[in-house]
Amino acid sequence: MSIRHAATHELEIRGPKRPWIEDACALLRGLPDHPHSRVLIAEEDGRPIAVLGLRLTWAGEGQLVKATICVLAVDPEYDRRGMGSRLVRFAEGIARIRGCARVDVDPDLKGWGDGRCWPGLGYSDPGVGLHKVLQTPIHESCA
């Protein structure tokens with residue numbers, strides 16, 4: 001399995017109809033254009049098996065201040081194999097590298113994976129919406 005960034009024009013899925021990705025692509029097309037969003041695709045043998053849409057909010061000085069996971073869908077054949085979790089971790093890495101301290105989850109996604117996967121990934125909802133505060137890695141050489 002590999003994960004890569006994708007452009008919205010790549011969301012034209014060819015081949016047999018697969019409702020999971022058709023629905024996800026319709027939502028992904030609604031995200032703002034780059035640099036205000038990222039589309040991530042997990043593939044196996046060139047075939048999409050999971051997709052994630054990440055909306056990014058930048059401050060005037062070019063720092064990422066907010067990252068929100070807006071779309072997350074996994075091919076039912078690959079359900080419960082950690083594909084969605086891997087995409088979430090990849091999205092967290094994008095936010096962390098850009099200096100963002102928190103990743104939010106769109107309220108429509110709270111029930112993704114029966115809602116049980118979010119706490120396992122470190123997400124909580126202390127009354128302000130499902131989110132995760134990212135830890136900034138500290139290298140020993142910097143301590």
Side-chain angles (χ1 to χ4, degrees), residues 1-59 62-140 142-143:
M1 188 212 47
S2 63
I3 297 175
R4 67 178 178 88
H5 291 266
T8 52
H9 73 273
E10 294 180 69
L11 301 176
E12 298 301 325
I13 305 301
R14 294 170 188 88
K17 289 199 175 277
R18 294 179 288 165
W20 77 271
I21 199 161
E22 290 176 10
D23 294 344
C25 287
L27 295 169
L28 290 167
R29 286 187 199 95
L31 288 174
D33 288 332
H34 181 75
H36 300 290
S37 67
R38 297 287 188 280
V39 174
L40 305 175
I41 296 180
E43 296 176 319
E44 190 166 275
D45 298 325
R47 179 179 156 225
I49 57 173
V51 294
L52 183 143
L54 185 67
R55 187 174 54 237
L56 306 172
T57 305
W58 301 88
Q63 181 182 0
L64 181 61
V65 293
K66 186 175 181 183
T68 306
I69 298 171
C70 300
V71 179
L72 183 56
V74 177
D75 184 332
E77 263 184 58
Y78 291 85
D79 197 23
R80 298 202 164 297
R81 294 189 193 176
M83 301 304 160
S85 297
R86 290 179 195 167
L87 281 175
V88 168
R89 297 250 188 253
F90 197 95
E92 291 170 0
I94 291 170
R96 187 178 291 114
I97 287 169
R98 301 283 189 205
C100 189
R102 175 177 156 156
V103 175
D104 292 340
V105 175
D106 189 277
D108 291 339
L109 286 181
K110 276 188 165 186
W112 179 78
D114 296 333
R116 293 177 288 166
C117 66
W118 295 113
L121 289 169
Y123 286 77
S124 62
D125 186 357
V128 293
L130 195 58
H131 71 280
K132 179 178 182 177
V133 175
L134 301 174
Q135 301 295 321
T136 305
I138 299 175
H139 298 284
E140 288 181 22
C142 298

Nearest atoms (heavy-atom pairs only) where [X] meets [Y]:
X     : Y      : value
Arg55 : Leu31  : CB-CD2, 4.4 Å
Arg18 : Pro48  : NH1-O, 3.6 Å
Ala67 : Cys100 : N-SG, 3.9 Å
Gln63 : Gly99  : NE2-O, 3.5 Å
Gly53 : Leu28  : CA-CD2, 3.4 Å
Tyr78 : Ile49  : CE1-CG2, 3.4 Å

Practice prompt. Step by step, work out the side-chain contact (heavy atoms from CB on, under 4.5 Å) result for Met1 and Glu43.
Written response: CA-CA 6 Å; Met1 188 212 47; Glu43 296 176 319; over 6 Å; no
Looking at side-chain heavy atoms only, is the closest gap between [X] and [Y] below 4.5 Å?
X      : Y     : result
Ser37  : Leu54 : no
Phe90  : Leu52 : no
Trp58  : His36 : yes
Leu134 : Glu92 : yes
Arg98  : Leu56 : no
Val88  : Leu72 : yes
Lys66  : Thr68 : yes
Leu87  : Ile3  : yes

Gap between atom [atom2] of [Y] and atom [atom1] of [X] - 0.5 Å precision:
X      : Y      : atom1 : atom2 : result
Asp75  : Arg81  : CG    : CZ    : 9.0 Å
His5   : Ile41  : NE2   : CD1   : 11.0 Å
Asp106 : Leu130 : CG    : CG    : 10.5 Å
His131 : Ser124 : NE2   : OG    : 4.5 Å

Practice prompt. For Trp118 and Val105, indicate whether the former's side chain and the latter's backbone hold a donor-acceptor pair under 3.5 Å.
Written response: no
Worksheet item: With a 4.0 Å cut-off, would you call Arg47 and Glu77 a salt bridge?
Response: yes
Discussion item. I'd like to know if Arg102 pairs up with Asp104 as an ion pair, taking the criterion as any Lys NZ or Arg NE/NH1/NH2 lying under 4.0 Å from an Asp or Glu carboxylate oxygen.
Written reply: yes
Discussion item. Would Ile69 and Tyr123 count as a side-chain contact (heavy atoms from CB on, under 4.5 Å) here? Give the steps.
Written reply: CA-CA 12 Å; Ile69 298 171; Tyr123 286 77; 3.9 Å; yes
